[in-house]
Amino acid sequence: MNLELMKKKVFLTRTLHDFALKELKKRYQIEVHSGKIPIPQTKLRSKIKEIDGLICFPYDKINKQVIDLAKNLKVISTYSVGFDHIDTKYAKKKKIRVGYTPEVLTDATADLTFSLLLDILRRVSEGDRIIRDGKWKVIYGAYDYVGLDLQGKTLGILGLGRIGRTLAKRAKAFDMKLIYHNRKRVSETREKILGVKYVSFEKLITQSDIISIHVPHTKETDHMFDLKIFRKMKKSAFVINTSRGKIVNEKDLVTALKKKMIAGAGLDVFETEPISKKHPFIKLQNVVLAPHIGSSSKETRTKMAEITMKNLNLGMNGKKPIYSVGY
Ligand code: DGY
């Protein structure tokens with residue numbers, strides 16, 4: 001009897017850390033997708049029919065049509081805090097567990113957000129480009145490459161969840177003024193500890209010097225930031241997005257940056273990733289770009305892999321994942 005064939009089947013839509021693959025192989029028959037990322041729907045649809053567990057990543061579309069094809073699927077374990085790529089309601093209806101990886105990536109994502117903020121205000125990446133392009137001519141000129149102080153600026157945090165709150169701590173240490181908008185206002189005690197003031201969405205947009213987006217991508221937040229919003233922002237304001245690209249209407253953001261309706265942007269996420277060399281952002285100096293690396297630190301990514309595996313194992317055994325969406 002081939003024992004390997006008796007093991008349950010787990011499919012990974014991208015490869016994972018070596019230690020994780022080794023662990024997974026001990027328990028399951030595993031197959032890792034290689035090639036186009038995110039995985040083409042045709043391949044996902046054919047694989048989903050025969051597997052017991054799925055490890056997936058942002059932008060893999062695990063929609064109703066895919067879920068409907070699954071015959072034995074017990075668990076979907078995503079290597080991310082975001083789960084907007086999975087129809088979690090439908091999975092729940094079908095009694096398929098969904099695991100995700102919050103908490104472990106909070107610090108890393110807040111750090112990356114803050115580094116984009118520092119970079120765009122102090123023009124670090126722009127300076128790097130100037131040097132590499134051989135354009136650094138003047139030494140210590142009074143008006144050269146001047147950026148802006150963080151101290152005293154108003155940071156508007158949209159979404160005071162784990163990452164928003166951790167960003168607030170970082171910003172407080174830099175003596176920034178903190179305002180926030182959230183679906184639900186947090187308790188006064190928490191506001192005091194964090195040093196944040198609740199404002200309406202309208203006030204957040206009009207009063208912030210920097211707006212940082214920390215809401216999930218949903219029907220309600222899709223293209224939430226468009227020309228109408230950019231027109232209301234201060235001309236000197238910046239927008240930072242480390243959440244999901246589709247929350248910002250990119251075409252409108254390009255217009256706003258070109259026409260100097262706002263001062264700049266720091267972006268880790270995009271409507272379609274990766275962005276091409278021809279994307280209008282590439283030519284704009286007032287935008288700092290990162291290749292979706294919010295959670296990408298060695299320590300954090302290792303923890304994410306561990307949680308992804310634990311979530312999968314629990315789901316495979318009919319148990320609720322450590323971090324579970326709905327079921
Ligand atoms: C996630 O985990 O959803 C983030 O996008 C990673 O940076």
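What you are looking at is a predicted structure, and each value in this text was computed from that prediction instead of being measured. Just so you know, ligand 1 is whichever comes first in the structure, and atom 1 is the first atom listed for that ligand.
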| query | In order of chain and number, which residues sit within 4.0 Å of ligand 1 by heavy atom? | reply | S80, V81, G82, L105, R244, H292, G294, S295

| remark: side chain to side chain contact (heavy atoms under 4.5 Å, CB included) filter on D119, not counting sequence neighbours, yields V124, S125, V288

| task | Just jot down the ring-ring contact (aromatic ring centres under 6.0 Å, His included) partners of F225, sequence neighbours excluded, or say none. | result | none

| query | Would you call E191 and R185 a salt bridge, taking side-chain N to carboxylate O under 4.0 Å as the test? | reply | yes

| Do K94 and D68 meet the salt-bridge criterion of a basic N to acidic O distance under 4.0 Å? | yes

| query | Side chains of R190 and V196: does their closest heavy-atom pair fall under 4.5 Å? | reply | no

| remark: With sequence neighbours left out, the residues meeting salt bridge (Lys or Arg N to Asp or Glu O under 4.0 Å) with D144 are none

